[in-house]
J.: 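Dumping the structure here so I can ask a few things about it.
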Amino acid sequence: MKELVETIAKALVDHPEEVSVTEREEDGILKVELKVAPADMGKVIGRQGRIAKAIRSVVKAASTKTDQKVDVEIVG
């Protein structure tokens, strides 16, 4: 999942070198944290959170293969 989120985020932002994605498991849920440059935060979140919601939907669809719950957090 880390690679998927990283690929999507790098395609959206102006500063792809500042994109970092970390994974950790917590209570059986895979937590994916996405960090971007402050100037790119709006591009990753989108108007009314539409881009963030789309990223979460794609990750959720991809996680059905592994039968694991995945939570994507965008950290500022």
Side-chain angles (χ1 to χ4, degrees):
M1 293 305 138
K2 177 180 177 180
E3 295 83 16
L4 177 62
V5 174
E6 190 171 355
T7 303
I8 294 170
K10 284 185 177 183
L12 293 171
V13 299
D14 289 333
H15 306 286
E17 66 279 355
E18 294 191 38
V19 171
S20 80
V21 181
T22 56
E23 283 183 333
R24 61 186 160 84
E25 185 142 351
E26 206 173 275
D27 300 326
I29 300 171
L30 184 63
K31 302 270 186 175
V32 180
E33 284 188 357
L34 170 62
K35 293 182 185 178
V36 296
D40 291 326
M41 193 61 99
K43 290 182 175 139
V44 173
I45 294 173
R47 285 204 175 144
Q48 297 178 353
R50 287 188 182 137
I51 303 290
K53 189 175 180 181
I55 292 170
R56 290 185 179 110
S57 294
V58 169
V59 170
K60 184 177 179 182
S63 71
T64 58
K65 288 184 178 180
T66 61
D67 290 330
Q68 185 173 26
K69 186 168 173 140
V70 179
D71 183 29
V72 178
E73 297 176 20
I74 300 170
V75 182

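Keep in mind it's a predicted model, so treat the numbers as computed, not measured.
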J.: With no hydrogens and no angle check, is any side-chain donor or acceptor of Arg24 less than 3.5 Å from a backbone partner on Lys31?
T.: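 No, because the side chain of Arg24 does not come within donor-acceptor range (under 3.5 Å) of the backbone of Lys31.
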J.: State the CD1-NZ distance between Ile51 and Lys43, to the nearest 0.5 angstrom.
T.: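 Output value for this atom pair is 11.5 Å.
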J.: Identify the residue among Lys35, Lys2, Glu33, Glu73 that makes a side chain to side chain contact (heavy atoms under 4.5 Å, CB included) with Thr22.
T.: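 Passing option: Glu33.
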J.: Rounded to the nearest 0.5 Å, how far does OG1 of Thr64 lie from NZ of Lys60?
T.: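 These two atoms lie 9.5 Å from each other.
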J.: Measuring from Asp71:CG to Glu26:CD, what's the distance to the nearest 0.5 Å?
T.: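 Answer for the CG-CD pair, Asp71 versus Glu26, is 9.0 Å.
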J.: At what distance, to the nearest 0.5 angstrom, does CD of Glu3 lie from CD of Glu6?
T.: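 Reported to 0.5 Å precision, the distance equals 7.5 Å.
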J.: Atom NZ in Lys69, atom CG in Asp27: separation rounded to 0.5 Å?
T.: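 Spacing of NZ (Lys69) from CG (Asp27) equals 11.5 Å.
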J.: What distance do Ser63 atom OG and Leu4 atom CG have between them, rounded to the nearest 0.5 Å?
T.: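 Going from OG on Ser63 over to CG on Leu4, the span is 10.0 Å.
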J.: Taking atom CD of Gln48 as the centre, does the number of heavy atoms from other residues, nucleotides or ligands within less than 6.0 Å exceed 12?
T.: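 At most 12 heavy atoms, drawn from other residues, nucleotides or ligands, come within 6.0 Å of this atom.
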J.: Which atom names give the shortest non-hydrogen contact between Val32 and Val70, and what distance separates them?
T.: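 Residues Val32 and Val70, closest heavy atoms: CG2-CG1, 3.9 Å.
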J.: Please give me the minimum heavy-atom distance between Glu18 and Ala37, naming the atom from each residue.
T.: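 Closest pair (atom of Glu18, atom of Ala37, distance): OE1-CB, 3.2 Å.
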J.: Give the intermediate values and the outcome of side chain to side chain contact (heavy atoms under 4.5 Å, CB included) for residues Leu12 and Ile55.
T.: CA-CA 11 Å; Leu12 293 171; Ile55 292 170; 4.1 Å; yes
J.: Between Ile74 and Met41, is the side chain to side chain contact (heavy atoms under 4.5 Å, CB included) condition met? List the steps.
T.: CA-CA 9 Å; Ile74 300 170; Met41 193 61 99; 3.7 Å; yes
J.: For Lys10 and Pro16, which heavy atoms make the closest approach, and how far apart are they?
T.: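 Reported closest heavy-atom pair: CE-O, 3.5 Å.
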J.: In this structure, would Val19 and Val58 fall into the same cluster of hydrophobic residues linked by side-chain contacts under 4.5 Å?
T.: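 As far as the 4.5 Å side-chain criterion goes, Val58 and Val19 are connected within one cluster.
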J.: Before you tell me yes or no, could you show the steps for Leu30 and Met1 under side chain to side chain contact (heavy atoms under 4.5 Å, CB included), namely the whole-Å CA-CA distance, both residues' side-chain angles and the distance that decides it to 0.1 Å?
T.: CA-CA 9 Å; Leu30 184 63; Met1 293 305 138; 4.0 Å; yes
